[in-house]
Every structure is written in C-alpha cells, then in structure tokens.
Protein chains: 2
Amino acid sequence: MTTIKDVAQRAGVAPSTVSYVLSGSRKISEDTRRTVQQAIDELGYHPRASARTLRSTRTNVLALALPRVAGGYRAVDGRFAIEISDAARAHGYDVLLMTAQEGVPGLRRIARSGQADAAILMAVEMDDPRIAAMLELGFPAALLGRSADDAALPWTDLDWEAAATLAVRELAAAGHRDIAYLATTEREIQAQRGYAIRGLAGARRAAPETGADVRVHQSTGDMARLARRIGTLLHGERPPTALVVQHVAALPHILAAVAAEGLRVPEDLAVVAVGNLPDDLGGQDLPRVELPVPEMSAAVTRLAAEAIATRTQGTSPTPPGHLLIPPAFVPGPRIAPPGPRAANA
Amino acid sequence: MTTIKDVAQRAGVAPSTVSYVLSGSRKISEDTRRTVQQAIDELGYHPRASARTLRSTRTNVLALALPRVAGGYRAVDGRFAIEISDAARAHGYDVLLMTAQEGVPGLRRIARSGQADAAILMAVEMDDPRIAAMLELGFPAALLGRSADDAALPWTDLDWEAAATLAVRELAAAGHRDIAYLATTEREIQAQRGYAIRGLAGARRAAPETGADVRVHQSTGDMARLARRIGTLLHGERPPTALVVQHVAALPHILAAVAAEGLRVPEDLAVVAVGNLPDDLGGQDLPRVELPVPEMSAAVTRLAAEAIATRTQGTSPTPPGHLLIPPAFVPGPRIAPPGPRAANA
DNA sequence: ACCGGTTGTCGAATCGATTCGTCGAATCGA
DNA sequence: TCGATTCGACGAATCGATTCGACAACCGGT
C-alpha cells in the first residue's frame with residue numbers, strides 16, 4: 001500500500017508538503033506542486049480514509065436508514081436509495097446502508113463509532129423514535145418524510161395533503177361530482193405514517209373545497225379483501241364516477257378489480273393516482289400526482305450536508321431547514337368526464 | 001467524544017487493558033473485566049472505527065456495486081441490496097453503497113482509500129470490466145451473477161439455463177407441445193448479460209430434450225412493440241398453447257396483451273414465469289421458476305467474507321468458491337393442459 | 001550592510017485503538 | 001526461604017494523514 005511518505009520520498013519533499021498539495025490549504029510553489037502531483041499519479045496514490053478521518057473527525061459518509069420491511073418491500077425505496085447515493089456523491093459523500101432491522105441501536109452504533117457524519121432517515125413516522133435518538137446523540141440528520149415534530153430536524157417531503165386535494169380538484173374540474181378516494185392501507189394509517197395521515201386529511205379537505213362528494217376508503221394489503229372492498233364501493237347508491245388511488249402499489253390489483261366489475265377505465269370510471277406508478281401497469285398510463293423522487297433525494301441530501309456544516313460551525317441556534325415540495329399534476333391521458341353510469345345513478 | 005482513555009481512567013486501568021477486554025485476545029482477571037465493562041456501559045463507549053481501521057487495516061465494510069440504470073430501475077435490485085445488507089451485518093460487516101454511475105473508477109477509489117474490505121458486484125456481465133479492475137487491484141470481491149470467466153472470482157448465480165429448461169419441461173409434462181419462450185429484452189441480450197444469454201441457451205436446449213416445439217422470441221422494453229410482437233407470435237400457424245416469460249418485469253403488459261387477443265390465462269394459454277414476479281400482478285398468481293433472492297444474497301455475502309479471510313491468510317492458490325443455485329419450480333396454480341385452441345390448430 | 005517582511009517548505013505533535021515486550025506480584029515446589 | 005514459573009496489567013511504539021509553529025531563503029527599502 002502506498003502512503004503519503006512514499007509519495008513524499010519520490011517527489012523529494014516532506015509528507016506535509018504532499019498533504020498541502022492535496023488540500024490546497026497552504027501556498028505551494030508551482031514547481032513542487034507539479035512534481036508532487038506527478039508522483040501521486042505515478043503511484044496511483046489515494047489517501048487512506050481511516051487516517052484522514054482519525055485526524056479530522058470527518059468521514060465523508062452519510063448513513064442511509066432504509067425503512068422497515070413490515071409491509072413488504074416497496075420498490076420506490078430502492079429508487080430513493082440509488083438517487084440519494086448519486087446525490088451524495090455529488091456532495092462528496094459516500095453512503096452507508098442501514099436496514100430498518102438494525103433500528104435505533106444500529107444508528108447509535110454508527111454515530112458513536114464515527115462511521116458517518118450524518119444520517120438520512122427514510123420512511124419517517126409521525127412519532128419516530130429515531131428522531132429522539134439523533135437529537136440525544138447530537139448527530140446531524142435529515143428526514144425523508146415529515147414527522148409530527150417538524151421543527152426538531154431538517155426534513156423534506158411531498159406535500160401529501162395538497163397532493164390528495166389536487167387529485168380530487170382535477171377530477172372535479174373535469175366534471176366529476178361523485179369521487180371515491182382509496183387511501184393507503186389501514187396498517188400504514190395505524191402506524192401513523194406521515195404520508196398516510198396527511199393524504200387522508202387532504203382527501204377529506206377536498207370535499208368542502210370542491211363541492212364534490214368525496215368518499216374516503218382505506219385500503220388493505222390483503223388483495224382478496226381489497227377486491228371485495230372495491231366491488232362494494234363501486235356499487236353503493238350514487239356510485240362514484242371517479243377514483244383516486246393513493247395505494248399505488250396495489251394499482252394493478254385495483255384496476256383488475258375494476259375491470260372485473262365490468263367497468264372500463266376511463267370511460268366508466270376515471271382513475272387518478274397519487275404517488276409513483278408501479279414500474280409496470282399492464283400498458284396503462286394514468287393521470288397522476290407524482291412523487292418527485294429525484295427532487296426529494298437531492299433535497300434530503302443537501303439538508304444532511306448542511307446539517308453537518310452547521311454543526312461543525314457550532315451554529316446551533318439556526319433552525320433546521322425544511323422543504324415541503326408542492327405536488328405536480330401529470331395529465332397523462334386526459335381525464336374523461338363522467339360517463340353514462342353517472343346518468344344512470 | 002469518549003475514547004478508550006476515558007474508559008481506562010474511569011475503570012482505573014491502562015488503555016491497553018480496556019482494549020484487551022474488548023478483543024479478548026489476552027487473559028484478563030474477572031474483576032477488572034467487570035470493572036472495565038461497567039465503565040464502558042456507563043459511558044456508552046464505542047471504539048472509533050477510523051482508529052481501529054488505521055491500526056488493523058480492516059474496515060468491516062463491504063462495498064456493494066449496484067447495477068447500471070440503463071434499462072431503468074429494476075425493483076428486484078433494491079431487494080437484493082436490503083437482503084445483502086442484512087446478511088452482511090450477520091457477518092459483522094456494514095455495507096457501502098455504490099451506484100453503477102461511479103463505475104470502475106469508483107471501485108478503485110474505495111479500494112485504494114481503504115474504505116472497504118471487499119466488493120460485491122451486482123448484475124455482472126459476461127465480460128465485465130470491473131472483474132479485471134478487482135484482480136488488478138488485488139481487491140477481494142464476490143459476484144452476483146456469473147461472468148464468462150467464472151474461475152477468476154467467486155460468484156453465485158441462479159442456474160438460468162436449467163431454469164429455462166425446467167419451465168419448458170413442466171409445460172411439456174402437462175401435455176403442451178407448442179411452446180413459446182419469451183426471453184429477456186434485446187438490449188439485455190446484446191449487453192451480454194449472463195442471465196439473458198444463459199436463459200436463451202436453456203430455452204433452446206429444452207426443445208430437443210422435451211420433444212416439444214419451442215419457439216424462442218426476444219422481448220423489448222418498448223411496450224407498444226411488445227404487444228404487437230405478442231399478437232404476432234400468438235397467431236402463427238400452430239399457435240402455442242403455452243408461454244414461458246423470462247422478461248418478468250413486463251408481465252403485466254404481456255398478460256394485458258394476451259387478454260387483448262381474446263385469450264384467457266390459463267384456459268387458452270398456459271403461462272409460466274422465469275424469475276421474480278413483479279410485486280403486483282393484478283391479483284394473478286402464476287406458476288414459476290423463482291429467483292432465490294435470499295439464498296443468493298446470503299451466498300454472495302459469505303463468498304465475500306471468505307475472500308477477505310483467504311486474502312488475509314495469504315492463501316492465494318485456493319481457487320475461489322462458486323455457488324450455482326439449481327432452479328426450483330413453484331407450482332402456484334396448477335398448469336392447465338392444452339386448451340381447445342390446440343384442437344383448432 | 002542591515003533589517004522587517006514574505007514565501008515556501010520542513011519537522012513534530014496529534015487523532016484513538018491495537019499489540020508486543022516487559023515487569024511486578026502471586027504461586028508453587030524443593 | 002528461595003528461585004522458578006505463571007498470571008495479569010502496564011507502557012510505548014505504531015498505523016497514515018493533517019496542521020501548526022518554526023525557519024531558511026529571498027526581497028526591497030533605508
């Protein structure tokens with residue numbers, strides 16, 4: 001293994017000089033700079049991360065806490081991981097992966113052993129124990145998702161409340177008056193996931209705002225029950241002419257259930273999604289309010305980097321930054337107006 | 001930050017004694033062991049990873065190289081990342097995430113700066129430049145997927161050739177004589193992905209072995225073209241009574257296209273998948289040859305750990321271990337025999 | 001010719017844990 | 001009681017990079 005001494009020897013200078021060439025923190029004559037650089041290139045020298053970290057107490061690593069796998073694996077989390085990793089590199093950081101299985105003890109271990117400079121917490125819950133742990137440890141952190149106490153740590157999130165409202169508003173604008181809102185699963189709602197709770201709230205708020213009749217239903221992970229539930233909600237009196245789906249992971253099932261009821265999308269039932277479409281949707285595209293994965297990833301990474309910087313400066317009174325991302329509507333295929341079924345009802 | 005000195009002081013012993021309590025590499029009296037342990041607990045002491053690494057040249061970190069995002073993001077890769085991360089923890093390792101965007105230079109940087117003890121390479125291609133880089137760097141590595149030169153580094157993979165053959169054989173056993181095999185996309189095949197090439201080979205080998213007429217088709221990422229291609233392949237002379245799909249990511253599209261042709265699954269067309277089903281499949285379950293994600297993750301992690309151990313021992317002549325996992329057939333809904341269409345043809 | 005001020009480089013201390021050699025105290029046999 | 005042996009803990013060197021104080025060499029001004 002080549003060290004800074006090897007480089008120094010080859011270039012005929014002191015190790016400290018090599019260090020200054022690398023960091024640029026002191027003036028070095030152009031001559032020696034070139035000699036040293038050449039020695040570095042010839043030897044293929046890279047500073048040892050451990051030695052650097054030991055001295056400077058900076059790792060240039062972000063810990064990324066992936067969500068709990070309770071409700072199974074969510075495809076979008078993998079995308080977040082990749083996007084965040086690339087964003088981190090752009091800020092000069094590497095990413096250390098932590099699964100939720102390790103939980104708070106895992107984060108504590110990483111923080112105290114100094115393996116990362118900050119943590120990014122995914123799938124934050126309204127009352128998330130990891131937040132208290134980060135504060136107690138004095139460890140910089142940024143949240144992907146908004147918790148109940150949103151002043152404690154920097155966070156970014158889609159404005160789920162606005163997203164739900166927006167979806168309903170678009171349907172109302174197309175003439176729909178009877179709208180069903182299929183929220184996330186009961187499990188997610190009971191777990192107090194922020195996106196679940198706020199989506200629900202946005203859906204409820206949409207009714208008075210648009211004047212439409214918005215009936216809100218919770219979804220379920222049990223696909224057989226979900227199909228039955230959809231059958232029921234489509235056959236009440238004054239059946240809905242439009243459906244908003246926040247439980248996007250189940251969209252294929254849901255569309256299949258709708259088809260099984262003999263309804264065509266969008267002629268008989270307009271469907272709008274809130275959140276990321278699953279990779280594959282039977283060739284169907286839907287109008288939707290999208291989850292801005294790249295923006296959120298970039299934002300949470302930037303917030304983490306800022307949290308590190310401000311801690312280093314000891315500027316504690318600065319309130320942590322936030323970024324509530326406004327929802328954007330992707331028209332996709334134009335929303336159909338209420339179909340013949342509406343006339344029947 | 002609490003250091004080993006703080007612990008030593010509190011316990012009234014020398015720092016080296018604390019170190020020996022932690023590592024157990026020398027005999028320590030029960031009395032002092034307890035005193036030291038108590039001090040550690042009270043202070044919540046964790047050894048600094050950087051100091052430890054500097055001294056021992058071991059990081060207890062595995063670098064995980066995620067695949068290139070060329071063909072978009074594949075959901076199964078996220079699952080692998082999580083499974084591998086958990087498996088790594090079980091071996092005492094953390095996982096450093098690297099996206100394909102960083103490529104070989106990224107791996108070189110990690111190896112030379114000593115940020116990881118070994119690398120796990122995902123989505124290995126038949127002729128993968130990363131392999132040469134690892135060998136040149138003398139950096140331990142394990143492959144998820146089998147390359148052309150499979151003696152250079154340890155690897156694990158599903159036996160894709162056997163998997164494809166198995167799927168055809170099961171259909172043949174159910175009485176099917178005219179079978180279509182929809183392989184992976186042209187793009188993957190041209191990129192010389194091992195699973196694509198070997199699946200294709202297995203499908204071709206299945207014809208003579210089973211005596212069935214197996215027609216092999218390549219898939220495409222363009223869903224409109226894919227639908228047309230499926231239409232064509234279903235309407236040749238002697239149309240197939242069964243379909244094997246290796247391009248599982250497109251399954252929802254494919255099933256939709258089949259339905260659009262007026263065919264019911266499985267009554268008119270038996271469908272068997274090779275690989276992991278997408279999270280959601282419109283409520284449909286299919287018989288399939290599964291991709292054993294947990295086994296593969298555990299195996300590749302074990303191989304990486306072994307590669308580290310053998311390098312440390314300097315036992316270079318030991319050939320790297322392999323693990324070719326035999327395919328398993330998951331019956332799911334029983335395969336339907338050839339339907340009325342077969343009689344027509 | 002001498003002196004204050006730059007400029008560019010060097011040497012040494014430092015970060016925190018590990019590990020080897022050493023050394024005092026306890027134990028045992030003769 | 002004394003020397004040999006074992007047991008348990010200590011001190012110091014070490015890993016590789018960073019950083020601060022020091023210090024030559026050079027420059028211009030009086």
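The sequence lines fix the lettering, A, B, ..., with proteins before strands; numbering per chain opens at 1.
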Whether the side chain of B:D6 engages the backbone of B:T3 through a donor-acceptor N/O pair (distance < 3.5 Å, no angle test) should be reported.
yes
Watson-Crick or G-U pairs under 3.5 Å in DNA chain C, rendered as dot-bracket with [ ] for crossing pairs and | for another strand:
||||||||||||||||||||||||||||||
Interatomic distance, B:R34 CZ vs D:dG8 P [rounded to whole Å]
14 Å
Quick one, give me the B/S/- string for nucleotides 14-23 of chain D, reading 5' to 3', where B means a protein heavy atom under 4.0 Å from the base and S means that only happens at the primed atoms, P, OP1 or OP2.
BBBBBBBBB-
Using modelled atom types and a 3.5 Å cut-off, is there a donor and acceptor pairing between side-chain atoms of A:T301 and backbone atoms of A:S297?
yes
Between the side chain of B:R112 and the main-chain N/O of A:G44, is any donor-acceptor distance below 3.5 Å?
yes
Does A:K27 reach a base, just sugar-phosphate, or nothing at all? Heavy atoms under 4.0 Å.
base
Within this structure, what is the CG-CG distance for the pair B:L291 and B:D157, rounded to the nearest 0.5 Å?
8.5 Å
Taking ring pair (Phe, Tyr, Trp, His ring centres under 6.0 Å) as the cut-off, I'd like each qualifying pair that reaches into residues 126-155 of chain B, sequence neighbours left out, listed once.
B:W155-B:H322
Interatomic distance, OH@A:Y45 vs OG@B:S113, rounded to 0.5 Å, equals 10.5 Å
Would you check if the side chain of B:D117 reaches a backbone N or O of B:N60 as a donor-acceptor pair within less than 3.5 Å?
yes
Would you compute the distance between atom CG of A:L64 and atom CG of A:L62 and round it to the nearest 0.5 angstrom?
8.5 Å
